[in-house]
Amino acid sequence: MADSSVADVDANALLDEANSASEAQGEPQFTLELNQDQKDIRDWVHGFAEGVVRPAAEEWDEREETPWPVIQEAAKIGLYSFEAMGQFWADPTGLTLPVANEELFWGDAGIGMAIMGTTLAVAAIFGQGTPEQMGEWIPQCFGSPEDVKLAAFCASEPDAGSDVSGIRTSAKYDEAKDEWVLNGQKAWATNGGIAEIHVVIASVDRELGSRGHAAFVIPPDTPGCEQGAKVKKHGLRASHTADVHLDDCRVPGSCLLGGKEKLDERLARVREGKKAKSQAAMQTFEASRPTVGAQALGIARAAYEYALDYAKEREQFGKKIVENQAIAFDLANMKLEIDAARLLVWRAAWMGRNGHKFENAEGSMSKLKAGEVAVWVTERAIQILGGNGYTREFPVERMHRDSKIYTIFEGTSEIQRLVISRAISGFHIR
Ligand SMILES: Cc1cc2nc3c(=O)[nH]c(=O)nc-3n(C[C@H](O)[C@H](O)[C@H](O)COP(=O)(O)OP(=O)(O)OC[C@H]3O[C@@H](n4cnc5c(N)ncnc54)[C@H](O)[C@@H]3O)c2cc1C
């Protein structure tokens with residue numbers, strides 16, 4: 001029989017040798033352990049989520065209003081600020097952004113979205129804007145701790161949800177005035193109408209479908225940009241969602257993200273039948289999918305932890321309910337699914353940050369898995385709490401309502417499967 005202790009020593013020696021060789025070459029070692037900066041940020045956001053967000057969650061869910069005082073608290077500690085978002089994004093591993101989102105949404109998803117909803121518009125400006133546009137508009141999306149502001153990203157329309165090529169909002173260029181004139185109706189916009197800055201996806205050439213789209217910044221108080229109906233929702237009720245009407249809304253030429261020259265070049269390529277880069281709305285969604293997945297993870301983890309504690313306390317038939325395999329196995333599966341989803345989220349976040357192409361739609365995989373896990377875990381949490389789980393006296397019913405949006409927005413589960421199946425097969429699956 002082989003001497004296993006010798007084999008272990010040899011394996012360890014080999015491992016050490018390999019690690020020092022890769023260190024010498026300047027290659028980072030593979031690790032899933034968060035570094036000290038990441039842990040500090042995680043604990044900082046967790047502290048805010050536990051101390052400020054959780055105690056306010058039920059109230060703002062019932063009020064169905066934007067929790068301005070909580071956003072202001074987040075701004076005061078620097079969490080709601082472009083500096084913090086920049087710091088999260090700058091982490092070369094890509095993990096800080098999902099880690100921070102998971103913690104915040106562990107606190108509460110409705111308030112979490114009220115705080116993070118702005119970042120979708122910021123991502124669009126960051127992804128498509130020139131450095132001057134980023135410098136001008138991104139700070140305005142947040143305002144200051146004394147005067148906090150929000151931003152909205154408006155792609156969806158009543159007849160263009162999953163199918164963004166159906167976008168009818170038009171942007172026409174008025175050359176004499178160097179202005180763009182936008183007309184149309186946007187639907188379901190997070191922070192729509194109450195935002196300082198709206199980023200609007202509009203068609204500059206309808207014949208080109210989604211390849212004729214461009215993104216525009218609508219500056220504060222621009223005439224012709226008005227809030228339409230506010231939506232009453234199943235969950236995420238502390239986050240404001242509304243239609244936005246654009247009625248002869250004129251914005252300076254400089255509000256076209258990326259600039260006119262770049263747009264003209266892109267349109268010319270498309271008209272010549274050449275391949276153009278992906279569409280304006282899709283670019284924003286692709287980049288944000290792992291972060292959205294991390295938000296769903298936060299909800300799932302909160303519900304799992306609550307259900308675990310409850311099952312260890314609640315007694316029926318003379319024993320703790322966790323002592324029944326039916327309950328304990330459910331909890332084991334909840335933990336398993338959450339951890340599996342987190343690995344997909346972290347992988348996609350790392351790939352996105354390090355410029356690895358999503359060859360197999362890894363961004364979609366992460367959002368799809370985390371969203372479905374959140375819905376399933378929160379439903380199981382209600383089951384474990386029994387009648388209490390179904391009441392508004394306990395938070396898991398709210399978590400379940402909140403989780404459901406994660407199989408719908410930023411691409412429904414069906415659309416994510418479409419994206420993955422197209423990526424892996426190379427076929428245009430319909
Ligand atoms: C709370 C909330 C916040 C939102 N925030 C924003 C925001 O900030 N900005 C923004 O632009 N939008 C936002 N949205 C809109 C959201 O992105 C859309 O609701 C979503 O993309 C789905 O579009 P839809 O609702 O029109 O559904 P539809 O596209 O009509 O889909 C209906 C059903 O058909 C399925 N389906 C459609 N096409 C296919 C297909 N080819 N194959 C298989 N199944 C298909 C879908 O999966 C879904 O189950 C928000 C929505 C909500 C509810």
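Whatever order the structure lists them in is the order used to number ligands and atoms, beginning at 1.
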### Query
With distance as the sole criterion, is a donor-acceptor pair present between the side chains of Gln227 and Asp243 under 3.5 Å?
no
### Summary
One finds that the ligand 1 atoms under 4.0 Å from a non-hydrogen atom of Phe153 are 7 (C), 8 (O), 9 (N), 10 (C), 11 (O)
### Query
N/O of Leu418 under 3.5 Å from N/O of ligand 1, yes or no?
no
### Query
Is any side-chain heavy atom of Tyr406 less than 4.5 Å from a side-chain heavy atom of Ile299?
yes
### Query
In terms of side-chain heavy atoms, does Glu372 have a donor or acceptor partner in Ser413 at a distance below 3.5 Å?
yes
### Summary
Closest heavy-atom approach to atom 3 (C) of ligand 1 among Val199, Thr190, Ile408, Val200 is made by Thr190
### Query
What are the two closest non-hydrogen atoms of Ala57 and Arg398, and how far apart are they?
CB-NH2, 3.4 Å
### Query
Does a side-chain heavy-atom distance below 4.5 Å link Thr241 with Lys233?
yes
### Query
Do we get Arg63 above Trp60's six-membered ring, with its NZ or CZ under 6.0 Å from the centre and within 45° of the axis?
yes
### Task
Fit a plane to each ring of Phe82 and Phe142, take the angle between them on a 0 to 90° scale, and name the class: parallel (under 30°), tilted (30 to 60°) or perpendicular (over 60°).
tilted
### Query
When you measure from atom 39 (C) of ligand 1 to each heavy atom in Asp402, Ile415, Val231, which option holds the nearest one?
Ile415
### Task
Under 4.0 Å, heavy atoms only, figure out whether ligand 1 is touched by the backbone of Arg430, its side chain, both or neither.
neither
### Message
Tell me the nearest of Glu414, Lys404, His234, Met113 to atom 43 (C) of ligand 1, using heavy-atom distances.
### Response
Glu414
### Task
Please confirm whether Lys233 comes within less than 3.5 Å of ligand 1 when only nitrogen or oxygen atoms on both sides are compared.
no
### Query
Quick check: does Ser156 get an N/O under 3.5 Å from an N/O on ligand 1?
yes
### Message
Could you check whether Thr169 and Glu157, counting side-chain N and O atoms only, form a donor-acceptor pair closer than 3.5 Å?
### Response
yes
### Region of Ile405 that comes within reach of ligand 1 [heavy atoms, distance under 4.0 Å]
side chain
### Message
Below 3.5 Å, N or O to N or O, backbone or side chain included: is there any such pair between Ala155 and ligand 1?
### Response
yes
#### Entry: Option nearest atom 46 (C) of ligand 1 (shortest heavy-atom distance, choices Val164, Leu120, Leu236, Thr412)
Thr412
### Summary
ligand 1 atoms nearer than 4.0 angstrom to some heavy atom of Glu410 are 17 (O)
